Amino acid sequence: MPIGTPVHERTLALCESLNYREWSGYYAVSAYEGHHEHEYNAIRNAAALIDVSPLFKYLITGRDAARFVDRIITRDVSKMSVGQVYYTPWCDERGKVIDDGTVSRLEEQVFRWTAADPSFRWLTQNAAGMNVHIEDISEEVAALALQGPTSARLLRAVAKADLEALKYFRVTRGTIAGVQVDISRTGYTGDLGYEIWIAADEAVAVWDALMAGGKPFDIKPAGMLALDVARIEAGLLLIDVDFHSSKKALILSQQYSPYEMGLGRLVSANKGRFIGQEALRRERERGHPRQVVGLEVDWTDVEAIYEKLQLAPSIGATASRVAVPVYRHGRQIGRATSTTWSPMLKKMIALATVARPHFAEGTELQIEVTVEAIRHKVKARVVKTPFFDPRRKTATPPQ
């Protein structure tokens with residue numbers, strides 16, 4: 001049975017819908033109200049506070065901490081400065097992704113690692129022969145994501161920290177309501193935003209300070225349904241939906257390499273030795289057979305189907321995680337795994353795995369749409385992700 005996060009007493013009181021889901025053994029709010037529209041609008045137009053405490057978190061310390069992290073992840077730790085955050089995948093020996101997450105360099109030999117799936121055993125197995133200590137701090141550290149265009153102004157009002165110089169994917173230390181916190185300029189929404197890392201027993205005080213200080217900035221708590229729409233707009237992949245961990249995959253086609261996930265830019269193939277390096281070098285040379293891409297669905301085609309049936313066009317407000325076929329010239333060449341209507345873009349968009357050579361930007365494809373239990377094919381086009389990429393996300397100083 002799930003348990004509450006460190007701020008559960010606050011989220012439960014605010015959750016009018018009692019619409020929860022299980023996330024890594026914790027209760028996570030799906031939507032606070034009967035519909036997630038207001039929460040999504042807070043992410044894109046104001047400030048949203050999201051409880052992301054169920055993330056797995058590890059503290060890496062010791063004389064060989066940097067060398068150890070470099071052995072595991074695909075990115076080059078020698079180029080990582082103190083206060084920098086890496087988004088990175090990590091792979092098995094065959095170059096298949098186990099998981100992706102963030103690694104923050106808090107001190108020269110101190111790193112905080114976050115993951116969607118439990119990774120302690122894998123990290124420990126690969127620490128043999130190194131002077132490194134790996135501590136699972138998942139239960140000791142709470143995490144709150146403050147996301148949206150007014151998030152920077154809100155933090156200026158409630159936090160004591162150097163926010164003006166805090167660049168995208170950097171982390172700094174400060175206080176909120178007298179509580180020591182780490183503030184990273186990161187998030188899963190593709191918008192201006194921050195993640196706040198707090199000792200679990202002091203998380204409620206920080207939540208209260210953000211909610212009280214956020215009233216002039218239209219803050220709202222937001223759940224997983226709103227976050228799901230935002231992360232698709234941002235072109236961000238979800239484990240067990242858009243890709244599968246190689247440790248849990250049942251068949252080969254469920255395993256993905258970083259190149260297949262569209263993360264080739266995060267592979268430093270020529271750095272010092274790391275797990276999966278040789279396999280990834282070979283794949284880079286021969287090319288990857290498929291890739292996760294963005295699709296923009298032709299809404300006119302969708303409307304025509306409904307019009308023929310004398311129905312008003314309709315699409316679910318929640319993002320779909322049901323995989324549907326993708327075609328080219330009548331032959332299936334992939335599948336869409338995350339599909340949503342984008343309120344910001346006024347478009348139907350999807351993340352899809354597409355076979356070579358059909359994943360080039362601008363390629364015209366078809367996607368399956370079911371209306372009244374009848375399957376139809378409508379036009380879709382491969383587009384660059386993120387679908388939504390506001391300047392405010394990376395602007396320094398933040399507005």
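Just so we're clear, the structure is a prediction, and the values are computed from it rather than from any experiment.
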His288/Phe359 aromatic ring centres below 6.0 Å: yes

Short side-chain to backbone donor-acceptor contact, Thr385 and Gly235, under 3.5 Å: no

Sidechain N-carboxylate O distance under 4.0 Å for Asp182, Arg173: yes

Taking every non-hydrogen atom, the tightest pair across Asp228 and Ala319: OD2-CB, 3.7 Å

Pairwise distance CH2(Trp90) to OG(Ser246) - rounded to 0.5 angstrom: 11.5 Å

Asp298 CG to Ile367 CD1 distance, which is reported to the nearest 0.5 Å: 11.5 Å

Pairwise side-chain contact, Ile251 with Gln254, heavy-atom cut-off 4.5 Å (strictly under): yes

Mutual orientation of the aromatic rings belonging to Phe68 and Trp113 [parallel < 30°, tilted 30-60°, perpendicular > 60°]: tilted

N/O donor-acceptor pair under 3.5 Å between Arg185 side chain and Leu166 backbone: yes

Cluster check Met348, Leu345: I/L/V/M/F/W/Y, side chain < 4.5 angstrom: no

Side-chain heavy atoms of Asn19 within contact of Leu225, under 4.5 Å: yes

Working for side chain to side chain donor-acceptor pair (under 3.5 Å), residues Thr337 and Asp242: CA-CA 5 Å; Thr337 47; Asp242 303 304; 2.6 Å; yes

Steps toward side chain to side chain donor-acceptor pair (under 3.5 Å) verdict (Glu372, Tyr306): CA-CA 9 Å; Glu372 290 295 292; Tyr306 282 92; over 6 Å; no

Test item: Glu39 side-chain N/O and Glu33 main-chain N/O as donor-acceptor pair under 3.5 Å: yes

Hydrophobic cluster membership, Ile333 vs Val378, 4.5 Å side-chain cutoff: yes

Heavy-atom check, side chain of Arg381 versus side chain of Glu296, under 4.5 Å: yes

Co-membership, hydrophobic cluster, residues Ile60 and Val103, 4.5 Å side-chain: yes

Distance-only donor-acceptor check, side chains Ser184 and Trp197, under 3.5 Å: yes

Donor-acceptor pair, side chain of Lys57 and main chain of Ser53, under 3.5 angstrom: yes

Reported CG-to-CD1 distance for the pair Leu210 and Ile176, which is rounded to 0.5 angstrom: 5.0 Å

Ala336 versus Ala352, closest heavy-atom pair with distance: CA-CB, 3.6 Å

Modelled atom types, side-chain donor and acceptor of Arg153 and Gln399, under 3.5 Å: no

Neighbour count >12 (heavy atoms, 6.0 Å) for atom CZ, Arg335: no

Donor-acceptor side-chain pairing of Ser257 and Glu283 below 3.5 angstrom: yes

Ring-face cation contact, Tyr256 with Arg290, 6.0 Å cut, 45° max: yes

Cation-pi check, Lys167 onto Phe169 ring (under 6.0 Å, within 45° of axis): no

Distance-minimising heavy-atom pair for Ser268 and Phe274: O-CE2, 3.5 Å

Test item: Leu163 and Pro398 side chains (from C-beta on) under 4.5 Å apart, heavy atoms: no

Heavy-atom pair of closest approach, residues Val29 and Tyr20: CG2-CE2, 3.5 Å

Thr175 and Gln180: side chain donor to acceptor below 3.5 Å: no

Gln109 side chain to Ala66 backbone, donor-acceptor under 3.5 Å: yes

Pair Asp64 + Arg67: basic N to acidic O under 4.0 Å: yes

Asp92 with Lys247: basic N within carboxylate O range, under 4.0 Å: no

N/O donor-acceptor pair under 3.5 Å between Gln277 side chain and Lys271 backbone: yes

Pairwise distance CZ(Arg71) to CZ(Arg273) - rounded to 0.5 angstrom: 8.5 Å

Side chain to side chain donor-acceptor pair (under 3.5 Å) between Asp191 and Thr189, intermediate numbers included: CA-CA 5 Å; Asp191 215 313; Thr189 66; 5.5 Å; no

Any donor-acceptor pair under 3.5 Å from Gln332 side chain to Gly334 backbone: yes

Residues, nucleotides or ligands: over 12 heavy atoms within 6.0 Å of Glu364 CD: yes

Side-chain donor/acceptor of Thr339 to backbone N/O of Ser320, under 3.5 Å: no

Residue pair Phe56 / Ser138: nearest heavy atoms and the distance that separates them: CA-OG, 3.5 Å

Pair Glu278 + Arg281: basic N to acidic O under 4.0 Å: yes

Side-chain heavy-atom pair Ser104, Val85 within 4.5 angstrom cut-off: yes

Check: Thr61 and Val132 side chains under 4.5 Å, non-hydrogen atoms: no

Between OG on residue Ser338 and CD1 on residue Ile232, distance to nearest 0.5 Å: 4.5 Å

Which atom of Glu139 lies closest to which atom of Ala200, heavy atoms considered: O-CB, 3.5 Å

Salt-bridge contact Lys248-Asp240 (side-chain N to carboxylate O under 4.0 Å): yes

Pair Lys384 + Glu361, salt bridge at N-O below 4.0 Å: no

Check: Asp136 side chain, Tyr58 main-chain N or O, donor-acceptor pair, under 3.5 Å: no

Spatial distance of atom CZ (Arg94) from atom CD1 (Ile275) [nearest 0.5 Å]: 12.5 Å

Sidechain N-carboxylate O distance under 4.0 Å for Lys96, Glu93: no

Side chains of Leu146 and Ile183 in contact at under 4.5 Å (non-hydrogen atoms): no

Ring-face cation contact, Tyr327 with Lys377, 6.0 Å cut, 45° max: yes

Residues Glu135, His133; criterion side chain to side chain contact (heavy atoms under 4.5 Å, CB included); working and verdict: CA-CA 6 Å; Glu135 182 182 359; His133 179 67; 4.0 Å; yes

Test log, rule side chain to side chain donor-acceptor pair (under 3.5 Å), inputs Asp51 and Thr5: CA-CA 8 Å; Asp51 181 11; Thr5 72; 2.5 Å; yes

Under 3.5 Å: donor-acceptor pair, side chain of Arg231, backbone of Leu237: no

His244 vs Ile239 side-chain heavy atoms within contact, under 4.5 Å: no

Cluster link Ile349 to Leu295, ILVMFWY, side chain under 4.5 Å: no

Other residues, nucleotides, ligands: >12 heavy atoms within 6.0 Å of Arg265 CZ: yes

Same apolar cluster: Val179 and Tyr194, side chain cutoff 4.5 Å: yes

